[in-house]
There are 2 protein chains.
Amino acid sequence: MNRERRARGHGDELREELLDAAESLLAERDDERQVTIRAIVDRVGVTPPALYLHFANKQELVKAVVGRRFAALGAAIEHAVADPADRGEAAAALRAGCLAYLDWARENPGGYAVLFRVRRDTQLVTTEEVASVAFDSLVGGIRACQEAGVSGVDDARATAALVWASLHGLATLTSLRTQFPWPPLETMVDDLLHGVVGIPSKRVQARLGASEEQA
Amino acid sequence: MNRERRARGHGDELREELLDAAESLLAERDDERQVTIRAIVDRVGVTPPALYLHFANKQELVKAVVGRRFAALGAAIEHAVADPADRGEAAAALRAGCLAYLDWARENPGGYAVLFRVRRDTQLVTTEEVASVAFDSLVGGIRACQEAGVSGVDDARATAALVWASLHGLATLTSLRTQFPWPPLETMVDDLLHGVVGIPSKRVQARLGASEEQA
DNA sequence: ACCTGAACACCGTTCAAGT
DNA sequence: ACCTGAACACCGTTCAAGT
């Protein structure tokens with residue numbers, strides 16, 4: 001079968017093209033099984049064996065995509081956190097970072113899922129490392145709250161672990177069970193950070209104010 | 001090829017045998033892709049088409065297994081909750097239920113993962129229903145804490161949603177990233193229920209006691 | 001050096017045929 | 001009524017061969 005668009009460049013830009021194709025395919029049909037090697041190479045206009053010149057197997061290809069997405073996640077968090085942190089508002093920065101995490105997960109359901117669907121045993125140091133970037137920024141956000149005196153937590157890393165797990169659960173469950181009557185994400189993040197990290201919650205303060213007025 | 005063990009009974013016990021085989025295969029190799037139709041029927045001693053007499057396709061088979069596991073999860077929670085609830089200790093019952101959820105997830109990593117790996121669009125009412133059984137018992141546990149006066153939360157359902165998401169995140173992340181230095185599950189559940197639901201935490205109380213002694 | 005054509009062993013699923 | 005044998009269209013992957 002003759003391909004309409006033959007491979008043009010003899011550089012290793014093919015590698016990037018394959019990653020682009022895999023990433024966009026993953027975004028469209030967010031089932032990992034639908035993202036087949038033949039679909040990827042078809043989109044680029046090349047035959048299956050050409051892919052194996054750049055990736056050892058499908059898993060390596062997926063891992064490269066995961067690496068890209070983690071980098072994008074890190075950038076999104078950094079961007080969201082920057083402004084409030086510059087103004088010295090540690091709690092607002094932490095909150096913004098958490099919401100950025102959830103927003104990003106919601107906008108890339110297939111991409112987010114694949115980040116953690118990687119098999120246990122074949123998990124790579126690479127993935128661990130990029131994951132820890134997002135985690136470290138969470139630890140940093142909590143430490144900043146401690147230093148600003150708005151968090152009464154003692155172990156920032158242990159608290160960050162719990163917050164991360166909760167965020168991860170929110171990210172996966174809300175995108176997976178869309179029928180469920182979820183409260184707004186902002187509310188849940190607010191309640192979580194208030195309860196677990198101990199930062200002041202505008203929502204709780206507003207409720208207390210209202211009940212005092214009633215009394 | 002002659003099968004060693006030919007199909008014996010002409011009942012629909014074959015259906016149960018297939019479910020058993022699929023469930024045990026899922027427990028051994030906890031990758032859903034490894035649980036192939038041919039592996040399942042091989043274990044039972046039957047040919048692939050025989051499976052389609054009892055299940056429309058592989059997804060229906062997986063869904064039936066999911067239903068079984070959810071039932072087992074519900075039973076585990078009920079059992080863990082029963083004793084403390086009988087003694088009127090609402091907070092202890094809630095805590096026991098959450099820990100039972102996490103224990104069960106840890107003991108059945110493949111089984112737990114498959115519960116939520118079901119595709120968004122093909123998700124069935126059945127799965128939603130059995131899932132809501134576990135969720136309703138969480139709502140009930142929180143309501144009991146409200147009535148016992150050990151929780152200052154106003155909306156039990158909204159709180160339960162956040163707790164459920166957090167538990168789900170803990171269940172998946174701790175089993176997926178085993179290298180990560182997780183705090184003990186008991187500690188995290190304690191912190192979560194203390195912070196989000198507002199029930200008293202033995203750990204926090206102990207820490208406060210210790211710091212008072214130091215002062 | 002980079003890519004293709006053709007094949008391999010697998011997969012889920014179907015269908016005619018056997019008892 | 002229940003199961004098998006053989007085939008279908010797919011999949012990931014490999015290998016010899018082309019330029």
Side-chain angles (χ1 to χ4, degrees), chain A residues 1-22 25-26 28-66 110 114 117-119 121-122, chain B residues 1-23 25-26 28-66 114 117-119 121-122:
Chain A
M1 220 184 287
N2 274 340
R3 315 233 153 261
E4 300 178 357
R5 173 188 162 198
R6 308 201 69 98
R8 331 144 286 171
H10 16 280
D12 63 349
E13 53 186 291
L14 176 56
R15 188 193 147 91
E16 294 302 313
E17 287 187 82
L18 289 169
L19 285 176
D20 288 341
L25 265 171
L26 205 63
E28 293 169 23
R29 16 216 215 265
D30 64 348
D31 187 353
E32 197 184 342
R33 272 169 306 193
Q34 301 271 15
V35 182
T36 157
I37 285 210
R38 282 173 163 91
I40 295 170
V41 297
D42 264 16
R43 180 158 295 198
V44 177
V46 97
T47 54
L51 186 142
Y52 291 86
L53 274 312
H54 298 275
F55 303 97
N57 47 39
K58 190 182 181 182
Q59 201 183 146
E60 293 296 321
L61 190 256
V62 170
K63 222 154 47 195
V65 174
V66 167
V114 85
R117 211 179 286 160
V118 190
R119 288 260 49 79
D121 28 54
T122 48
Chain B
M1 219 185 288
N2 275 339
R3 315 232 154 259
E4 300 177 357
R5 173 189 161 198
R6 308 201 68 99
R8 332 145 285 172
H10 12 280
D12 61 350
E13 54 188 289
L14 176 56
R15 187 192 148 91
E16 294 302 313
E17 287 186 84
L18 289 169
L19 285 176
D20 288 342
E23 199 165 353
L25 265 170
L26 205 63
E28 291 169 24
R29 16 212 210 270
D30 64 348
D31 187 354
E32 196 184 344
R33 271 168 306 195
Q34 301 269 15
V35 181
T36 158
I37 285 209
R38 282 174 162 90
I40 295 170
V41 298
D42 264 16
R43 180 158 295 198
V44 177
V46 98
T47 54
L51 186 144
Y52 291 86
L53 273 312
H54 297 276
F55 303 97
N57 47 39
K58 190 183 182 182
Q59 199 183 147
E60 293 295 321
L61 192 254
V62 170
K63 222 153 49 192
V65 174
V66 167
V114 85
R117 210 178 287 159
V118 189
R119 289 260 48 79
D121 28 53
T122 48

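Here is how names work: the chains are called A, B, and so on, in the same order as the sequence lines, proteins then strands, and each is numbered from 1. Note: hydrogens, waters and symmetry copies are ignored here, and every other heavy atom, side chains too, is used.
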Mind listing the closest non-hydrogen atom pair of Phe55(B) and Arg15(B) along with its distance?
CE2-NH1, 3.4 Å
Non-hydrogen atoms of Ala22(B) and Leu61(B) that approach each other most closely:
CB-CD1, 3.9 Å
Identified side chain to side chain contact (heavy atoms under 4.5 Å, CB included) counterpart of Val46(A) within the set Val41(A), Ile40(A), Leu51(A)
Val41(A)
Donor-acceptor contact below 3.5 Å, side chain Asp20(B) vs main chain Glu23(B):
no
Within this structure, what is the CG-to-P distance between Leu53(A) and dG5(C), rounded to whole angstrom?
15 Å
Calculate the interatomic distance between Glu13(A) atom CD and dA1(C) atom P; express it in whole Å.
18 Å
Pairing check on dA1(D): which nucleotide meets the Watson-Crick or G-U wobble criteria with it, both distances under 3.5 Å?
dT19(C)
Does dA6(D) pair with anything, Watson-Crick or G-U wobble, both distances under 3.5 Å, and if so, with which nucleotide?
dT14(C)
Whether each nucleotide of nucleotides 7-19 of chain C has a protein heavy atom under 4.0 Å at its base (B), only at its sugar-phosphate (S) or at neither (-) is summarised, 5' to 3', as B---BBBBB----
Distance in Å, Leu18(A) CG paired with His54(A) NE2, rounded so as to fall on 0.5 Å steps:
6.5 Å
Separation between CG (Asn57(B)) and CD1 (Ile37(B)), nearest 0.5 Å, reads 8.0 Å
